[in-house]
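As the structure is a prediction and not an experimental result, all values here were calculated from the model.
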Amino acid sequence: MACLLETPIRMSVLSEVTASSRHYVDRLFDPDPQKVLQGVVDMKNAVIGNNKQKANLIVLGAVPRLLYLLQQETSSTELKTECAVVLGSLAMGTENNVKSLLDCHIIPALLQGLLSSDLKFIEACLRCLRTIFTSPVTPVELLYTDATVIPHLMSLLSRSRYTQEYICQIFSHCCKAPDHQTILFNHGAVQNIAHLLTSSSYKVRMQALKCFSVLAFENPQVSMTLVNVLVDGELLPQIFVKMLQRDKPIEMQLTAAKCLTYMCRAGSIRTDDNCIVLKTLPCLVRMCSKERLLEERVEGAETLAYLIEPDVELQRIASITDHLIAMLADYFKYPSSVSAITDIKRLDHDLKHAHELRQAAFKLYASLGANDEDIRKKIIETENMMDRIVNGLSESSIKVRLAAVRCLHSLSRSVQQLRTSFQDHAVWKPLMKVLQNAPDEILVVASSTLCNLLLEFCPSKEPILESGAIELLCSLTQSENPALRVNGIWALMNMAFQAEQKIKTDILRCLSTEQLFRLLSDSDVNVLMKTLGLLRNLLSTRPHIDQIMSTHGKQIMQAVTLILEGEHNIEVKEQTLCILANIADGTTAKELIMTNDDILQKIKYYMGHSSLKLQLATMFCISNLIWNEEEGSQERQDKLRDIGIVDILHKLTQSTDPNLCDKAKTALQQYLA
């Protein structure tokens, strides 16, 4: 059955198609093998560079017949080879062509062809497979369906420079996930491909290099292996460094820089190694200059952003290399009205892809400003920087919006900038807009940024509150995504810090006690810690403590009990004991502790705990309960003496920790006063 194109063809067009192309297909069915061969050769010549002819032949059913001839044992090797060449040419047309070929199960047929002993036929099959696998419509999993395929491809690597080029290209395009890396690694990809880096063919060297970049990406196992691989007596990283040299083609420099970057990020090369600081980093900065093509500038900036992201020293070095911060400002002005591009096709391409430059610049600015205050200041002082970020937040491209939010998040770590530039440009407005309706990956970064804008010293805090932030953040705490739950509760925690009573009441009302206690039993420890932090901030200053405990005291005490009894880490229990200390600081709230024998026993238990942090936290609680100047202190002191607290205090005065020892002595003085 013929494989039809997805778009229906009108009858009038079909008759035209039939008239001009039918004879090519008819000749494939001739009983004379020689005429069939000539027909395939003529078809090959007719389709080269002619997308319309390719589409016509697919519609007329050429593909199933070509595949039949390719697989027939009676077909000559020459005929099979010519069929593979024509199929490869058809695959070079549109994405619809590739879909039609896939629908006809071309991949199993071509993989079967690789079992032939004839090299020319193998090369033709590989060339066609390369074209199909490099198409975005081809599912890469098709390469891994049959477990015998990868080892067979490895064995074909030694056959010719063409098998080397095509197989490496197939591997680099089809290695998209950690399990793909593992399969290729386990079948000896590193050992089989390493020697190809010194091949006399540039194309082979280049495809081998691309293979290593995809194999090493975020893969410590592969990266640790690559460091120690020798090729002609030279270590692989040294070969990569040679490929970074300025006299090498740009594509090679960039890919070698990627290999070294990925190895560094995977932990197999130190960040202070000369091959990173003196070779890889400067090479990537060079790629950002306006002399380079758009795609080279994008790739250079994105790779550099990835390289320096976790390392403050690399960020500092990059920031003072070749005026990088100013150089990146040009990414927003491209192509300019006086562009040097005279090639109209190139100009049209670059106009369509200019957003990729903006995305790359935002990413690199985000990495540069991740830790250092001086670098952040330089970035923000770059011409129109804040306006560019604000514009980036509302761009149509989701990737640009995400990169702009990341950049804003990085800069929002600066106390100085939160108080000045962020306020001057009312950054919170577009940020709140982004938070209204965005995919999770943007929401996570945008809500992290909002957490910083809600710190008590930030002038944006008030207007953000007035614009409905509490409802928005409470809704985030109900997300299925743990990162969004953390950020929602974290922002509420920042909002509640030293806040007035009304804000605290609004948070509790909007969040609801049910949701608060759901968060206190969340499986994600970060969510639990931030929820305890929120509770601690809500329960600060006496009138607030008493008011909240009068309405929610029973549930809060239940939650505290459950956490202190549960299997939680020291930090969680410390936060919980600090909440108890805050409750003990209330005027009426104290009684909720004093009338709860279970809680009192827990306080006693944690006073004698092996963790100093937990002992210190309980001491704050004890001090607040027994403080002499407060009403009812005598009764509370007596009750605590009766359950053995004074005896423990005497023991704690002998502690080797001076802080704990002092707190125990101070508490005992309350009994003597």
Side-chain angles (χ1 to χ4, degrees), residues 3 24-25 27-28 33-51 53-54 57-58 61-94 97-135 138 142-143 146 148-174 196 199 201 203-204 206-208:
C3 300
Y24 285 115
V25 180
R27 289 168 71 190
L28 301 181
Q34 209 46 47
K35 285 182 180 173
V36 173
L37 174 61
Q38 192 53 51
V40 175
V41 171
D42 290 345
M43 187 183 280
K44 173 180 74 175
N45 295 329
V47 296
I48 290 171
N50 188 336
N51 275 352
Q53 187 70 278
K54 289 175 187 179
L57 291 170
I58 290 172
V63 176
R65 184 63 184 169
L66 287 165
L67 286 171
Y68 172 79
L69 294 170
L70 181 104
Q71 294 173 92
Q72 271 299 93
E73 282 183 24
T74 53
S75 295
S76 67
T77 307
E78 190 183 357
L79 175 58
K80 289 180 179 181
T81 305
E82 291 294 350
C83 286
V85 171
V86 174
L87 288 164
S89 190
L90 294 177
M92 282 180 174
T94 64
N97 290 10
V98 178
K99 284 180 189 170
S100 299
L101 293 171
L102 291 171
D103 290 342
C104 291
H105 307 293
I106 187 171
I107 289 179
L110 291 169
L111 290 173
Q112 191 64 31
L114 299 181
L115 299 173
S116 161
S117 57
D118 185 90
L119 182 58
K120 285 276 174 271
F121 178 46
I122 289 172
E123 288 173 349
C125 288
L126 281 172
R127 193 181 304 115
C128 186
L129 280 165
R130 179 270 313 265
T131 305
I132 289 167
F133 274 118
T134 53
S135 166
T138 307
L142 293 173
L143 185 67
D146 179 345
T148 63
V149 169
I150 300 295
H152 185 60
L153 287 171
M154 292 291 176
S155 72
L156 292 174
L157 275 168
S158 58
R159 295 293 300 275
S160 75
R161 72 183 183 88
Y162 294 112
T163 65
Q164 291 167 351
E165 180 193 336
Y166 304 146
I167 291 169
C168 284
Q169 203 169 353
I170 290 167
F171 286 164
S172 64
H173 270 275
C174 294
L196 302 182
S199 164
S201 160
K203 285 182 176 177
V204 172
M206 201 53 237
Q207 294 307 330

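- Nearest approach of Met43 to Ala62, heavy atoms of both residues: CE-CB, 4.2 Å.
- Considering only heavy atoms from C-beta on, Cys174 stays 4.5 Å or farther from Leu142 through its side chain.
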Requested in this report: Test side-chain contact (heavy atoms from CB on, under 4.5 Å) on Tyr24 and Leu57 and set out the steps.
Outcome: CA-CA 8 Å; Tyr24 285 115; Leu57 291 170; 3.8 Å; yes
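- Atom OG1 of Thr131 sits about 8.5 Å away from atom OH of Tyr166, to the nearest 0.5 Å.
- Side-chain contact between Arg130 and Glu165 is present, with at least one heavy-atom pair separated by less than 4.5 Å.
- Considering all non-hydrogen atoms of both residues, Ser172 and Gln207 come closest at OG-OE1, 4.1 Å.
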Query raised in the report: Can you check side-chain contact (heavy atoms from CB on, under 4.5 Å) on Leu114 and Val149, steps first, answer last?
Result: CA-CA 9 Å; Leu114 299 181; Val149 169; 5.9 Å; no
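- Tested against Glu78, the residues Leu37, Asp118, Val41 include a single side chain to side chain contact (heavy atoms under 4.5 Å, CB included) partner, Leu37.
- The environment of NE2 in His105 is sparse: at most 12 heavy-atom neighbours from other residues, nucleotides or ligands sit within 6.0 Å.
- The nearest pair of heavy atoms linking Leu70 to Ala109 is CD2-O, 3.9 Å.
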Query raised in the report: Would Val63 and Ser100 satisfy side-chain contact (heavy atoms from CB on, under 4.5 Å), going step by step from the backbone distance to the final call?
Result: CA-CA 8 Å; Val63 176; Ser100 299; 5.8 Å; no
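- With rounding to the nearest 0.5 angstrom, the CG atom of Leu101 is 9.5 Å from the CD1 atom of Ile107.
- More than 12 heavy atoms of other residues, nucleotides or ligands lie within 6.0 Å of CD in Gln72, so this atom counts as buried by the packing criterion.
- The OG atom of Ser160 sits 8.0 Å away from the CD1 atom of Ile167 when rounded to the nearest 0.5 Å.
- Remark: the backbone N or O of His152 is paired with a side-chain donor or acceptor of Ser155 at under 3.5 angstrom.
- For Phe133, the CZ atom sits in a packed shell: over 12 heavy atoms of surrounding residues, nucleotides or ligands are nearer than 6.0 Å.
- Between Leu90 and Val98, every side-chain heavy-atom pair lies at or beyond the 4.5 Å cut-off.
- Applying the salt bridge (charged side-chain N to carboxylate O under 4.0 Å, His left out) rule to Arg27 yields the partners Asp42; only residues at least two apart in sequence or on another chain are considered.
- Residues Val36 and Leu69 meet the side-chain proximity criterion, which asks for heavy atoms closer than 4.5 Å.
- Looking at heavy atoms from C-beta onward, Pro33 lies out of side-chain contact with Leu79 at the 4.5 angstrom threshold.
- Taking Lys120 as the reference, Glu123 meet the salt bridge (charged side-chain N to carboxylate O under 4.0 Å, His left out) condition, with sequence neighbours excluded.
- Phe171 places a side-chain heavy atom less than 4.5 Å from the side chain of Ile150.
- Looking at every heavy atom in both residues, Val40 comes nearest to Cys83 through CG1-N, 3.9 Å.
- Sequence neighbours left out, the pairs with a member in residues 79-91 that pass salt bridge (charged side-chain N to carboxylate O under 4.0 Å, His left out) are Lys44-Glu82.
- Atom CD of Gln164 and atom OG of Ser201 lie 8.0 Å apart (nearest 0.5 Å).
- When all heavy atoms are compared, the tightest approach of Phe121 to Ala84 is CE1-CB, 4.4 Å.
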Query - Test side-chain contact (heavy atoms from CB on, under 4.5 Å) applied to Val25 and Arg65, step by step - result: CA-CA 8 Å; Val25 180; Arg65 184 63 184 169; 5.7 Å; no
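- Atom NE2 in His173 sits 11.0 Å away from atom OG1 in Thr138 (nearest 0.5 Å).
- Rounding to the nearest 0.5 Å gives a distance of 10.5 Å between CG of Asn97 and CD1 of Ile132.
- The heavy-atom pair separating Ile122 from Ser116 by the smallest distance is CD1-O, 3.2 Å.
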